[in-house]
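Just passing along the structure, written as structure tokens.
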There are 4 protein chains.
Amino acid sequence: MKALVKEKSAKGLVIKDVPVPEPGDDEVLIRIRAAGICGTDVHIYDWDEWSQNRIHPPLITGHELVGEVAALGKSVHGIDIGQRVSAEGHIACGQCEFCRTGQAHICRDVEIIGVDRNGCFAEYLSIDAGNLWPVPDAIPDHIASIFDPVGNAMHTVMAEPVAGKSVLVTGAGAIGLFAVAIARSAGASGIVVIEPNDYRRESARNAGADIVLSPSDDNLDEIILDYTYGLGPQVLLEMSGHPGAIKTGLHLLRNGGCACVLGIPSKPIDNLEWAKDIVFKGITIKAINGRRMYDTWFQTQNFMLREQEPINNLITHRLPFEQFERGFDLLHNGDAIKIVLEMM
Amino acid sequence: MKALVKEKSAKGLVIKDVPVPEPGDDEVLIRIRAAGICGTDVHIYDWDEWSQNRIHPPLITGHELVGEVAALGKSVHGIDIGQRVSAEGHIACGQCEFCRTGQAHICRDVEIIGVDRNGCFAEYLSIDAGNLWPVPDAIPDHIASIFDPVGNAMHTVMAEPVAGKSVLVTGAGAIGLFAVAIARSAGASGIVVIEPNDYRRESARNAGADIVLSPSDDNLDEIILDYTYGLGPQVLLEMSGHPGAIKTGLHLLRNGGCACVLGIPSKPIDNLEWAKDIVFKGITIKAINGRRMYDTWFQTQNFMLREQEPINNLITHRLPFEQFERGFDLLHNGDAIKIVLEMM
Amino acid sequence: MKALVKEKSAKGLVIKDVPVPEPGDDEVLIRIRAAGICGTDVHIYDWDEWSQNRIHPPLITGHELVGEVAALGKSVHGIDIGQRVSAEGHIACGQCEFCRTGQAHICRDVEIIGVDRNGCFAEYLSIDAGNLWPVPDAIPDHIASIFDPVGNAMHTVMAEPVAGKSVLVTGAGAIGLFAVAIARSAGASGIVVIEPNDYRRESARNAGADIVLSPSDDNLDEIILDYTYGLGPQVLLEMSGHPGAIKTGLHLLRNGGCACVLGIPSKPIDNLEWAKDIVFKGITIKAINGRRMYDTWFQTQNFMLREQEPINNLITHRLPFEQFERGFDLLHNGDAIKIVLEMM
Amino acid sequence: MKALVKEKSAKGLVIKDVPVPEPGDDEVLIRIRAAGICGTDVHIYDWDEWSQNRIHPPLITGHELVGEVAALGKSVHGIDIGQRVSAEGHIACGQCEFCRTGQAHICRDVEIIGVDRNGCFAEYLSIDAGNLWPVPDAIPDHIASIFDPVGNAMHTVMAEPVAGKSVLVTGAGAIGLFAVAIARSAGASGIVVIEPNDYRRESARNAGADIVLSPSDDNLDEIILDYTYGLGPQVLLEMSGHPGAIKTGLHLLRNGGCACVLGIPSKPIDNLEWAKDIVFKGITIKAINGRRMYDTWFQTQNFMLREQEPINNLITHRLPFEQFERGFDLLHNGDAIKIVLEMM
């Protein structure tokens, strides 16, 4: 089969012919129909410091997918050949205290497809049957292929009820923008976005943000305080991982507010006002990793069934698998939000 | 009346004769019977950087108290002359969104007695009637005088249920030690304390800690991980404000765990592993300020009614008001946990 | 001044001339601009069994209001003559454990205006300054006059997050319909309403319900189960107080679901399947009384600022004060949802 | 092997020779060491109405167990022959929305060992590997055999934090008494028990109750209100399933309190004061079924490791398997709390 492979420890990815994987006893073989490109895939393409430490070539990349069941391992029950499915790409151990208490998303022995083992930028993927997510007919392939990042956003927004509250979103990449759309749908009383990139700021407006700012805006704090009765936003959704955004977000957050933090800084943070911006304000910080298995998937599916337009609008490009280079180019240049590669 | 006054912008405090305050319409005059010395009072005594920025001499210090009602402002109802009372020392504005939603402890216009206005190291204190806390007879004066710091500990421990959970307490000052006693009473399955001072470590053992460590212990991480099945403690109670303790605590905290943070670092924190120690682990951080008005007071009272011995053990010295210098000396030398000054 | 008075222990209300009330020291005199008619007012009009036990004539009725401040008691600060205000009609004692812990809505010594003391169907009302709610200019009088019932609905819906969840609303009276609009705004994935009255069912559809049923529909259970993947709705909002609706709602509620119950049955309930419909299903029941003071008011204000149209649509009639009889007639005949009497 | 069998649709149980079960691919064969007798087993013994509807003889009874792994199905990994284990007796489907969202305890397709399929009153039991619970050496067999009912109590008590709160326990059967011990350990400020049986009342005192009452006590309400400052208990643990106890408990519960209800009435409840005792009081009711898989097991294990004495005291009899008739006699006569049958 054809697969998009990180062949060696260097920049770039190549399409190669590789063997179709054989599903293990508890696994299922999926024929991939579409797969989303994630920022993580861009890191792997670029062979940045994180990738150099984490990735062991050769590796088939990709972890956002939809496809159809092509073969079943011999211990698998209750799944049909031909069934359309997405899949959770985090393979948790299933045995540890986290896995046994509904917290598989923070299993310490997790393996991620396309990162720690072969992924879904390929014609076929073999994955544990327990990780499958059957997809209702009403959700088209290109939307179903991005359960994973929409799920990240859903997990973040659902961590703290936003109905009737003012929300600040720092970072309007794809996941941040999904978070804007979800917070809008979930009844936020006002949504402010801070994002440096013009194109993303425009997308934030379209996704439902009420106020869209650049971190370089002169009177950013003042505008946000004015909009929130001088008190600051009630909820912070930190989607950027940028140290400045994290600090700005915590600084503006209202006393007693809640920060849901998903963004991953590449380095430790300096000069964090722990006393002033956290302790004295009595805030809560909820750190978000992955998607709850499978609470988040049910929530995401309900959202995809009801509100396809905002998601559709954020899938800026649907490209044939073979044009993957164009997809990575668009993302490098900041000219795309979400790109889906179509395999069949 | 006699009062313990910060007379000018310099180290030290003096007992002075000052006028008895006149209660305003909504205020009550309390004849003080006993008052606890807080770490904040030591900062004010020492005239450290924080004090120099915050305190405007002349000021009567002290904010932990018990006394009896001596006079009533003319609009005050439902309180009797002679009634024994403690009082919440945070005077909230009563008008803002925080005050109107049960969050007066994070009112931004709060004034603290003994810090922003005259305090209770004196024969009399005038304070808002709404801040009074009637004290049941079964709670003796020296214990009733420290509702405030026991309440800080209670607020911290109650922020996250500890029953059946492993708890790490970083910092065994008076409030940290009260937290140990409260966590023990609330059914923590195991309590580990990290504290550099020998005397406080000994007190931690007596207060109910199962394992007591010094930050300088060689294999501190290993011991704590061993004790917690390799997963780390489920709850962190950060009572020190020390950057190293904050980082160690977050580093050791179990995936999905909860950090309740009360300690106040004197400076911003550097080199915080936001990604590794917070985001990826999916933890929650709950910042604690003051005492919930008055949920925490009810909880503290219930604790004082049921478990006086552990509190009593932590009140290492009861001194006549006039011997205040000895009290501050003992605290400076780390030879005391909680000191109560007795006025009458 | 003119006031709508229950003059004696009999059916009906009359407009009478009565003295303008004198505000107490902590009270404020409000010149009423508009006032909503509540179901409770209809009970009082009708002099039903509940009224006969609770109401002591003569009494000025009414408790949903907007007006402007006309005079201040001498201890009142921070309020201006002429300020436009609504007011919480539950006068809590302010002293009890409930009042001191942010739960004034369940104070056991509460007095309700228009029920236990004179109300707002009058030119003037005197009420505790602490109960005032300043109204932003952007909320017009007729909407501001019904903070109280919209707040009941808000309190019920906010008791359990509904974003992305299926919601069953039993009872589409005014408060039930506000609940539909709020649940829609808060991102419910699907809203089913059960209501016997045709006019109200039509209103439910307009307010945002996805499926509207009558309790007499043959295959009601089947339709609701089909709509909820065979599992039942995730949230029940019980707004009717009708024993049959309570039982149907609990019966249909999904395992692990949450029932928020506001409706007040007039008698004890018989034949409740405690084991099958409650215990085995592991559900949660949250009982709702009044409005949280003043969390619910902030939430309601945010909703009124953002979504006036659905509220406006449910105010089916705005009548001059003098035409109150017509208002009560419309409500008796089930030909209105919410009626606002306009005083000036 | 020998097994305790419900042979036919009639009262009684017999020890019979039956074949040792063959573990399925995903199952494990456990050699049973000890097994607790549950009230459910007594119902089955008695062949009461519930049993007649639910049980299909022939059936091996029993569902509380400890044993050692004797054989592994061929797909089972990570478990060793000889390992000492208890097991969750609820076999959930693993596929439904409940199972996929950490709520397997309310799976609608659950099968219970000893009820819906063969149980553990036998020399061997075959059970799904995923249901095993490895037991630490520090927990002796007779205690480890009752993870199930101690877990029911733990699930109930942990549903609402009790630290510093007044708790009313209605019903002091074995699970009610475990709940008393757990609530004591978890820092309840006061525990009141209502129980008609003298022996159980005495046990409640020993388990840590502060006040123990009989439902026939004249001034029961008054005593409980006096003990709770006139407000009623803050938490109700309803362990009896008796309609009178449910109604008394809800009636006494404080405004805003929380009722955790585990007891199963045999019939629907009449004359429940839904308005007065539930809605107006703004209480919360949390219904409890089984044990959370496997959060409750971790909590129960922590409790068993730290507090064996109270559990030990409630295991009033340890009998050889062959003396099962004596065990059922003792339970019928109300002369025992928890009885463990020892197989080896």
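Chain identifiers are assigned alphabetically (A, B, ...) following the order of the sequence lines, protein sequences preceding nucleic acid strands; residue numbering begins at 1 within each chain. Keep in mind that the numbers below use all heavy atoms, side chains included, and drop hydrogens, waters and symmetry copies.
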Closest heavy-atom contact between A:I264 and B:A275?
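Distance-wise, the nearest heavy atoms are CG2-CB, 3.9 Å.
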Greatest number of heavy atom pairs closer than 4.5 Å to chain B - which of A:R254, A:K267, A:Q103:
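Most heavy-atom pairs within the cutoff with chain B belong to A:R254.
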So, does A:D270 use its side chain to make a donor-acceptor pair with the main chain of B:D270 at under 3.5 Å?
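Judged by distance alone, no pair lies under 3.5 Å.
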Check whether A:F280 gets within reach of chain B through its side chain, its backbone, both or neither, counting any heavy atom under 4.5 Å.
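Both parts, heavy atoms under 4.5 Å.
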Between A:K276 and chain B, with a heavy-atom cut-off of 4.5 Å, which part of the residue counts as in contact: side chain, backbone, both or neither?
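No part of A:K276 comes within 4.5 Å of chain B.
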For B:I288 and A:V279, work out which heavy atoms get closest and say how close.
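Heavy atoms of B:I288 and A:V279 come nearest at O-CG1, 3.6 Å.
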What part of A:L262 lies closer than 4.5 angstrom to a heavy atom of chain B: side chain, backbone, both or neither?
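For A:L262, the contact with chain B is made by the backbone alone.
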Would you check if A:E97 and B:L231 make a side-chain contact, meaning some heavy-atom pair closer than 4.5 Å?
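A:E97 vs B:L231: side chains touch.
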Please report the interatomic distance CD1(A:I246) to CD1(B:I278), rounded to the nearest 0.5 Å.
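Here the rounded value is 8.5 Å.
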Can you check whether A:R108 reaches B:N255 side chain to side chain, under 4.5 Å on heavy atoms?
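The answer is yes; the side chains approach within 4.5 Å.
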Highest number of heavy-atom pairs under 4.5 Å with chain A: which of B:N289, B:T284, B:L272?
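Winner by heavy-atom pair count: B:L272.
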In this structure, are over 12 heavy atoms from other groups packed under 6.0 Å from B:E49 atom CD?
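Not buried by this count: 12 neighbours or fewer within 6.0 Å.
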Pairwise side-chain contact, B:N271 with A:P268, heavy-atom cut-off 4.5 Å (strictly under)
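Yes. Closest side-chain heavy atoms under 4.5 Å.
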